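Just so we're on the same page: letters track the sequence lines, and every chain starts at 1. Since we're looking at a predicted model, the values are computed, not measured.
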There are 2 protein chains.
Amino acid sequence: MPNHKPTAAARPDVPEAAAPVKRVRGGPKGLRIADVAAQAGVAPMTVSRVFNSPETVAPETLERVRQVVQKLGYVPNRLAGGLSSSRSRLIAAIVPTIAHSLFSETVQVFSETMSRAGYQVLLALSGYSDSSEEALLDAVLSRRPEGVLLTGVAHADSLRERLSNVGIPIVETWDMTATPIDMLVGFSHYQIGVAVAEHFLQRKVRAPGLVSANDDRALARRDGFRERLAQAGIREVAEVLVPPPSSVALGKAALPRLIEQAPKLDAVFCGSDLLAIGALGAARKLGLKVPSQLSICGFGDLEFATETTPQLTTVRVDGTRIGLTAARCLLDRLAGTDRDKVTDVGFHIVERETT
Amino acid sequence: MPNHKPTAAARPDVPEAAAPVKRVRGGPKGLRIADVAAQAGVAPMTVSRVFNSPETVAPETLERVRQVVQKLGYVPNRLAGGLSSSRSRLIAAIVPTIAHSLFSETVQVFSETMSRAGYQVLLALSGYSDSSEEALLDAVLSRRPEGVLLTGVAHADSLRERLSNVGIPIVETWDMTATPIDMLVGFSHYQIGVAVAEHFLQRKVRAPGLVSANDDRALARRDGFRERLAQAGIREVAEVLVPPPSSVALGKAALPRLIEQAPKLDAVFCGSDLLAIGALGAARKLGLKVPSQLSICGFGDLEFATETTPQLTTVRVDGTRIGLTAARCLLDRLAGTDRDKVTDVGFHIVERETT
DNA sequence: CTGAAAGCGCTTACAG
DNA sequence: CTGAAAGCGCTTACAG
């Protein structure tokens, strides 16, 4: 034991207390609530109240503090606020993609609505694979969101369980299930497939085909489509699956392959309007008249498609309404109000041009 | 003074110390790092290292802690982590809108890239008005993001100043300026206007018109367009401004108004492909042949437009590249690497069908 | 209507 | 390679 100073011996009556080492951390990075409080001559708590419950602060105090806030340019630190209050004011939106997609308008309205209510949106893009969904969920939950919007209902059981265990409101969207994790705003992809099949059957279609992206929701539409056709005695349905994201080019390439499978092809149900436009282009090249010789139905009812390709039929889903309703579901629950578990927003088949 | 117990009198040698009142706060809401530490038989610091610098932890310790984490389903609280480390791992993306818009693919790629690097994206939709930009910025900065992506360069001076004062990397996108706040990835809307004017001039256009959304970037394109035409002696340029967001319907309604202003109209520069599609539809109804009697140029080069309306010319900007480059700018700076201040990604005029 | 103390769940900055 | 103490900037839960 080197450096053994004889302190105790020199001052036998004073028990040796280790001098408290003052640890220093980097120093202040910016303005703190205490800075505002000092300038305004109030306690930090009062500044906190000015932001979180201004109605409980005396008018003059309020005004004085606000002026200091303004002058200093103080912005509260919500990392600290959230940690302390367990209210992150954050909502996560987990979406496969927002690029040229139907989901973008859902996210748009959802975000606007949440923002108006004082929440901010954490955007989490899941892609179309589940591979990293666990990691994505970890990342999302690490922010302690107060609610989560999910796209689709097909998630690994472990995910569903984890989500329901965190005890925050969850809305699943863009799909339908009998067993939602919590709340649901969507529609049945299977029923869309059924409806498109019926639409084709009314038109006396005999050799229908299908071009679809290879994802859960698209496959549900396919199943509804095939099963309804099977009921009507049509069991041969040409099928081409393409990897998401779907595109015009994929639709264009798919039509000839469909015709290889079914030379008498007279109807195609496409997984998206982009695929439908591609199929339409391919049909033109092959000299097939749409819709008289070949009916083509898309999915999405994109604005441009309505205008530029009146030969196409499509399925319209109100993505805006989904976003708005999903936001309301979460907000109601956060406010303690009860909410319907399931909202079916339905869909419409939009036929643009008869004949 | 009721309840005045004679404590001091009864124990005269013990100075009366106020019994420290144990305040209780709601109780634990979930798992804490201490719970994992206890189960794994290590200190909380070691658990922290397992997440933040696993290479500094002994392999067996690492494994043991990870198993406990897995078993318990522990997810670190980044509100606490961010507060403590001043590293929020959050990046804000401030965009006018992501609904049916060119920005959505920029946000998509930006978000993917940031996500891969361990950051999460806070989505802030500014709309097209500046009115609430101050409030939006407050909301964004309250999360202490480590970087910000901005759309456009036209921001109130107060905003620009506040942003440059926070001292985090900022990328402005989708526009060009000589005085960026920090970094910039974009192109010149003014030059696009010039280029479209030149395109029309090459085609011997005599009575050009313009349909544009009434926002800063669209107006910059207009200015370039008009000034280049003026240089060529064309000073009469019919003009219709529409409120954002632009749509097919607005384009359709605008063309007749343009023709009222300029009965011999033979070219239109539209602020977006949607407007161009609308104008094309209106031209058809009026019996005008596009492009032989009327040239129409859009902006955006949307995939569907290429395919469905080959009569239209358009201006292509690579939104994906903007998103990727913007992400790299921020990541390089966060890694301490220097970066070009300004990246001009340019644009192309896409002429789909000659004649 | 206002404030002093304690605590939210982590990480920094040391020390060993 | 590991850990004990202090602190990040707020809010809760009281008390007055």
Side-chain angles (χ1 to χ4, degrees), chain A residues 1-3 18-38 40-65 69 74-89 141-144, chain B residues 1 18-38 40-65 69 74-89 141-144:
Chain A
M1 283 164 81
N3 283 344
V21 184
K22 254 298 177 201
R23 309 278 174 124
V24 193
R25 294 183 110 214
K29 280 87 188 168
L31 289 169
R32 299 174 316 258
I33 212 172
D35 300 316
V36 176
V42 296
M45 243 335 282
T46 300
V47 179
S48 173
R49 285 192 183 99
V50 167
F51 284 101
N52 301 313
S53 52
E55 70 284 0
T56 69
V57 178
E60 299 111 61
T61 313
L62 196 62
E63 180 57 22
R64 186 154 34 97
V65 172
V69 167
Y74 170 73
V75 179
N77 182 333
R78 274 198 194 272
L79 296 174
L83 171 61
S84 186
S85 65
S86 301
R87 303 266 287 119
S88 66
R89 293 268 171 203
L141 293 181
S142 74
R143 304 288 175 183
R144 300 298 187 261
Chain B
M1 284 164 76
V21 185
K22 255 296 177 200
R23 310 278 174 123
V24 193
R25 295 184 109 211
K29 280 86 188 171
L31 289 169
R32 301 173 315 259
I33 211 171
D35 299 316
V36 176
V42 295
M45 242 337 281
T46 299
V47 179
S48 173
R49 285 193 182 99
V50 167
F51 284 102
N52 301 313
S53 50
E55 70 284 359
T56 70
V57 178
E60 298 111 59
T61 313
L62 196 62
E63 180 57 21
R64 185 154 35 98
V65 172
V69 166
Y74 169 73
V75 179
N77 183 332
R78 274 197 194 272
L79 296 174
L83 172 61
S84 187
S85 65
S86 301
R87 304 265 287 120
S88 66
R89 293 269 169 199
L141 293 182
S142 75
R143 304 289 175 182
R144 300 298 188 261

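One interatomic measurement links the two molecules: CZ of A:Arg64 to P of C:dC1, which rounds to 14 Å at whole-angstrom precision. Atom CZ in B:Arg87 sits roughly 19 Å away from atom C1' in D:dG7 (whole-Å rounding). The interatomic distance linking B:Asn52 (CG) with C:dT11 (P) rounds to 5 Å, in whole Å. Between B:Phe51 atom CZ and C:dT12 atom C1' the separation is 18 Å, expressed in whole Å. When rounded to the nearest whole Å, the span between CG of B:Leu79 and C1' of C:dG9 equals 9 Å. Protein atom CG of A:Asp35 is 13 Å distant from nucleotide atom C1' of D:dC10, rounded to whole Å. Rounded to a whole Å, the CG atom of A:Leu141 is 16 Å from the P atom of C:dG9. Spacing between atom CZ of B:Arg78 and atom C1' of C:dT11 amounts to 13 Å, rounded to whole angstrom units.
Heavy-atom distances to DNA chain C give each of B:Ala80 and B:Met45 a nearest nucleotide, and the one nearer the 5′ end belongs to B:Ala80. Two residues, B:Ala58 and B:Leu83, neighbour DNA chain D, and the one matched to the more 5' nucleotide by heavy-atom proximity is B:Ala58.
Rounding to the nearest 0.5 Å gives a distance of 8.0 Å between OG of B:Ser142 and CG of A:Leu79.
Between A:Leu31 and A:Val36, every side-chain heavy-atom pair lies at or beyond the 4.5 Å cut-off. The closest side-chain heavy-atom distance from B:Asn77 to B:Arg32 is not below 4.5 Å.
Remark: B:Thr61 engages B:Val42, B:Thr46, B:Val57, B:Ala58, B:Arg64, B:Val65 in a side-chain contact (heavy atoms from CB on, under 4.5 Å) (not counting sequence neighbours). Partners of A:Arg89 by side-chain contact (heavy atoms from CB on, under 4.5 Å), not counting sequence neighbours, listed by chain and number: A:Arg78, A:Arg87, A:Tyr119, A:Glu146, B:Arg143.
A:Tyr74 comes within 4.0 angstrom of the backbone, heavy atoms only, and of no base. Within the nucleic acid shown, B:Arg49 comes within 4.0 Å of at least one base atom, counting heavy atoms only. Contact annotation for A:Ile33: backbone-only contact, meaning every heavy-atom pair under 4.0 Å involves sugar-phosphate atoms and none involves a base.
When all heavy atoms of B:Arg144 and A:Pro76 are compared, the closest pair comes out as NH1-O, 3.4 Å. Here the closest heavy-atom approach between residue A:Pro44 and residue A:Ala37 is recorded as N-CB, 3.6 Å.
On a pure distance criterion of 3.5 Å, no polar donor-acceptor pair joins the side chain of A:Ser84 and the base of D:dG9. With hydrogens and angles left out, the side chain of A:Arg144 and the base of C:dG9 share no donor-acceptor pair within 3.5 Å.
The shortest distance between the side-chain N/O atoms of A:Asn77 and the OP1/OP2 oxygens of D:dC8 is not below 4.0 Å.
Which of D:dT11, C:dT2, D:dT2 sits closest to the side chain of B:Thr46 comes down to D:dT2. Counting only heavy atoms from C-beta on, B:Ser48 has its side chain closest to C:dT11 among D:dT2, C:dA4, C:dT11. Among the nucleotides C:dT11, D:dT2, C:dG3, the one closest to any side-chain atom of B:Ser85 is C:dT11.
In DNA chain D, stems built from 3 or more consecutive Watson-Crick or G-U wobble pairs, each with both distances under 3.5 Å, span C:1-3 with D:14-16, C:5-12 with D:5-12, C:14-16 with D:1-3.
B:Ser84 contributes no side-chain N or O that, together with a main-chain N or O of B:Ala80, makes up a donor-acceptor pair within less than 3.5 Å.
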